[in-house]
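Below, each value reflects all heavy atoms present in this structure, side chains not excepted, and no hydrogens, waters or symmetry copies. Convention: sequence-line order gives letters A, B, ...; per-chain numbering from 1.
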Amino acid sequence: MLNLPFVIEILRMVHEWALAESIVRAVLDIMRERKLKTVLEVKIAIGQLQQIEIDIFRDALKEISEGTILKETKFSIEEEEAEFKCRNCGYTWKFSEIKESIKEDEAEAIHFIPELAHAIIRCPRCGSPDFIVVRGRGVRIVSLRGIT
Amino acid sequence: MLNLPFVIEILRMVHEWALAESIVRAVLDIMRERKLKTVLEVKIAIGQLQQIEIDIFRDALKEISEGTILKETKFSIEEEEAEFKCRNCGYTWKFSEIKESIKEDEAEAIHFIPELAHAIIRCPRCGSPDFIVVRGRGVRIVSLRGIT
Amino acid sequence: MMDPRISIIPERIKDVKRRIAIVSGKGGVGKTVLASLLALGLSSMGKIVGLLDLDFNGPSCHIVLGIPEDTSIKEEKGIIPPLFNGIRFMSLELFVKERALPLRGDDISNAIIELLAITRWGSLDYLIIDTPPGTSDELLDILRLIDGLETLIVTIPSKLALKTVSRLLNLLKMVNTNIIGIIENMSKGTDMVREFARREGIRYLGSIPYDEKLEEALGDVDALKRTSISESITTILHKIIGLKITR
Amino acid sequence: MMDPRISIIPERIKDVKRRIAIVSGKGGVGKTVLASLLALGLSSMGKIVGLLDLDFNGPSCHIVLGIPEDTSIKEEKGIIPPLFNGIRFMSLELFVKERALPLRGDDISNAIIELLAITRWGSLDYLIIDTPPGTSDELLDILRLIDGLETLIVTIPSKLALKTVSRLLNLLKMVNTNIIGIIENMSKGTDMVREFARREGIRYLGSIPYDEKLEEALGDVDALKRTSISESITTILHKIIGLKITR
Ligand SMILES: Nc1ncnc2c1ncn2[C@@H]1O[C@H](COP(=O)(O)OP(=O)(O)O)[C@@H](O)[C@H]1O
Ligand SMILES: Nc1ncnc2c1ncn2[C@@H]1O[C@H](COP(=O)(O)OP(=O)(O)O)[C@@H](O)[C@H]1O
Ligand SMILES: [Mg+2]
Ligand SMILES: [Mg+2]
Ligand SMILES: [Mg+2]
Ligand SMILES: [Mg+2]
Ligand code: NI
Ligand code: NI
Ligand SMILES: [Zn+2]
Ligand SMILES: [Zn+2]
């Protein structure tokens, strides 16, 4: 691992790497399943709740796919706003409206496991922790374009 | 309760009545919430899994709504085929394919609480009881047409 | 579209005066034994009582009270909970009879809503609800669906139980439920739970001894009434009955 | 679209030789105490051990082993479980620190998948998984996600526990998991559990006495090792280690 550029040393340190790895592995699995020869493009949505460092995530995708048959594949990343709906009172709200009130260590917890939001975020109207993350939870594959 | 026609005596005996009551109550709630003056039509889907007696259900709807402002409302009922997907192996199947294998007392249990299917039905491919009822579970309101 | 079944739930329990869930967060502390004996005790005192077993993955109230699994369910504009020893009883056990019932959270939630929507409890002085351990779907659903729900917390005197009870209390305080208080089961005569209740600002309702005769008495209502557990429960019930609940 | 996180799970545990879930169906039978002491025992025998606490609504392994809640998590192409007394440990407790965490089933499922996808266990001889009571999302998910999962059943000698264990066994037999056998905790010297094991056709692994010194020893690894529970566990571990597992 000597002589790696500094930026790559940093991205090895964060867990964005693990999520990028899961994407690459999943795309390879889908290729095998659907008997695709090439994958031209993979569209990935990154939910705002998880607060992924997008640049690091993109670099990790690049480095991991480099050594595979996906080295030419385009990974398009779009951010997805996070929205919640209270199961208790029906109120809906956006992550952006409450983001300020979340402390650093709390954001760190949600960054690892987005469900930990249930220990931290509460319905702004009724105070219940019993809400649904309607959208914008974490990392997911939206679509995939390939050639059989 | 004397002098009621015989058919109505029977429909009081089955629990379809309770579900019909919940529909009428829900429509009245929606009317109040959305400030509707009249509800012209309510579309109801009846999931095949629950094996509701549709005629009885329809008669119950009629009798219950009679005494309310919904007496002119049209209740359209459509059946919804039940489909399952195994969480363990991904296999999907239809209720109609396995219906024959379900015993009478088992069907009765599912009729009361459709989730009891998890004690009775298993994935035809891998045997797991860990499946999703993709559609056709029970009674639900699909849409409602009204005038404000 | 809105779930129609939720609309009818208030109607189904409108004549139920007090709705009490036996909760803990922790498993194996005696929720089921106490829920069953509380129902039995209330019935002996002449109250009209219902008992609802919401521990779908491991229903056991019927074992404690010796309720036969082959009881048939009566339908009448819904389902009428069968009556045993003066207790109106409802449990999925009456339908599944010993089969494994591996339900995920969304199934549990769906089944609770269905059960509450179709069960006609009629007039009750008390509805006692037995719950599974944890703070998951069962608890969250009764908290949102049953208006005026009171909770009765059960614990044993152990650090492991109290840490979990403390988490549960955090939740109960968030959602503004009526916490009746805490019962110390399998007491060892220490003041660990009493102290805990004081710190948490909740009522300490009393302690119940470990009674090794319980195991033998399971399923036999008369034998159950002779245990020292039933005796302690009577004392606790007098406190609970005396409380005025504002909804 | 397929969940990408599920694709990476086999890779994350590929160097974990045996994956053992401590299960019961029933709460309060000692799953957490035994999972923790089994991990400790294996580590004392020189095995490389991981311990994963999947009881999200009431995580407690860290209390048994005295693992400080303020441990920081190391990230390195994922998260590396911190090491305590020779045990690689992972629990949501390390992130939430005593807060209430009321998760519904779908959240539990999501959190398990996320945790399994990002945790790098490295090479382990044993991964011990503590589970909550019930047969819901946690159990169903590890059964479908962890290839070659073995289950170790814990019970106490009580009708109430055995009825629930019996339901669990129905499920485990359906999904073709490797059932190592059953441990009788808080034994009373009766043959109730041994008989049950025989009837169900599963291995009876041994009994563990009720040790009233346990409560005092919680959180203190050296004191735990001196309990009679640890002693019985050593005997049981020798049986478990001897088993050849075919995946
Ligand atoms: N006071 C008591 N004395 C003796 N045994 C008890 C007592 N309370 C409960 N038990 C036993 O403890 C075990 C757990 O009780 P249970 O009611 O099933 O707990 P939970 O419902 O909280 O999981 C059962 O075997 C039960 O018979
Ligand atoms: N062999 C034993 N002797 C004494 N106490 C025990 C023993 N095993 C467990 N306990 C105690 O019983 C309670 C339940 O144990 P726990 O491990 O939390 O059960 P579970 O994880 O199955 O819910 C705890 O208070 C624990 O300290
Ligand atoms: Mg959620
Ligand atoms: Mg389902
Ligand atoms: Mg119980
Ligand atoms: Mg535990
Ligand atoms: Ni990170
Ligand atoms: Ni019916
Ligand atoms: Zn709310
Ligand atoms: Zn399957």
Side-chain angles (χ1 to χ4, degrees), chain A residues 1 8-30 32-34 42-45 50 56 60 63-64 87-88 105-122 128-133 137-144, chain D residues 1-14 52-54 56-59 69-81 90-121 137-138 141 145:
Chain A
M1 293 294 162
I8 293 186
E9 271 307 322
I10 285 180
L11 77 90
R12 288 192 182 286
M13 294 286 293
V14 293
H15 95 287
E16 273 76 352
W17 178 280
L19 294 170
E21 234 180 330
S22 79
I23 297 280
V24 172
R25 173 69 54 127
V27 172
L28 292 172
D29 285 356
I30 294 170
R32 200 169 348 96
E33 236 171 63
R34 306 206 190 151
V42 180
K43 282 212 174 110
I44 300 165
Q50 196 165 15
I56 295 183
E63 196 188 327
I64 297 161
R87 285 207 197 226
N88 189 47
D105 64 319
E106 294 173 339
E108 186 71 7
I110 296 174
H111 170 64
F112 282 119
I113 310 283
E115 281 63 43
L116 297 180
H118 291 275
I120 293 155
I121 296 172
R122 294 165 56 182
S128 173
D130 185 15
F131 55 81
I132 306 170
V133 181
R137 177 202 171 276
V139 176
R140 64 190 179 84
I141 298 179
V142 179
S143 66
L144 182 148
Chain D
M1 267 278 110
M2 148 203 264
D3 188 332
R5 300 169 302 165
I6 291 182
S7 287
I8 201 75
I9 294 174
E11 169 75 19
R12 293 284 179 259
I13 51 173
K14 74 169 192 306
L52 172 61
D53 190 339
L54 287 188
F56 294 163
N57 285 295
E69 282 144 13
D70 58 356
T71 307
S72 69
I73 308 288
K74 208 174 133 204
E75 294 188 65
E76 203 186 305
K77 296 168 115 185
I79 58 179
I80 312 290
M90 187 47 64
S91 165
L92 290 194
E93 176 65 26
L94 298 177
F95 302 101
V96 296
K97 304 184 180 73
E98 307 219 330
R99 288 188 189 86
L101 181 62
L103 297 182
R104 284 182 178 265
D106 61 336
D107 301 316
I108 289 170
S109 196
N110 241 326
I112 289 179
I113 294 171
E114 193 86 21
L115 203 53
L116 292 175
I118 64 174
T119 307
R120 307 187 80 102
W121 291 100
D137 294 81
E138 301 84 348
D141 277 327
L145 296 173

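- Contact annotation for A117(D): only backbone heavy atoms (N, CA, C, O) come within less than 4.5 Å of a heavy atom of chain A.
- With a threshold of 4.5 angstrom between heavy atoms, L103(D) approaches chain A through side-chain atoms but not through N, CA, C or O.
- Between K77(D) and E21(A), none of the side-chain N atoms (NZ, or NE/NH1/NH2) sits under 4.0 Å from a carboxylate O, so this pair counts as no salt bridge.
- From S22(A), atom OG reaches atom CG of D3(D) across 8.0 Å, with rounding to the nearest 0.5 Å.
- Every side-chain contact (heavy atoms from CB on, under 4.5 Å) that N88(A) has, sequence neighbours left out, goes to C86(A), C126(A), S128(A), R144(C).
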Side chain to side chain contact (heavy atoms under 4.5 Å, CB included) between R99(D) and E106(A), intermediate numbers included
CA-CA 11 Å; R99(D) 288 188 189 86; E106(A) 294 173 339; 3.6 Å; yes

Could you walk me through whether I113(A) and I118(D) pass the side chain to side chain contact (heavy atoms under 4.5 Å, CB included) test, one step at a time?
CA-CA 9 Å; I113(A) 310 283; I118(D) 64 174; 4.3 Å; yes

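- Residue P4(D) comes nearest to A26(A) through the heavy atom pair CA-CB, 3.5 Å, listed as atom of the first residue, atom of the second, then distance.
- Note that NE2 of H111(A) and CZ of F95(D) are 10.0 Å apart. Values are rounded to the nearest 0.5 Å.
- A 4.5 Å side-chain heavy-atom check between F112(A) and E75(D) finds at least one atom pair inside the cut-off.
- Across N110(D), I80(D), L101(D), I108(D), the residue that shares the most heavy-atom pairs under 4.5 angstrom with chain A is N110(D).
- When every heavy atom of R25(A) is checked against every heavy atom of S7(D), the shortest pair comes out as CG-O, 3.4 Å.
- Tested against H15(A), the residues I79(D), T119(D), I73(D) include a single side chain to side chain contact (heavy atoms under 4.5 Å, CB included) partner, I79(D).
- We find that D130(A) and R104(D) are joined by a salt bridge, their nearest charged nitrogen and carboxylate oxygen being less than 4.0 Å apart.
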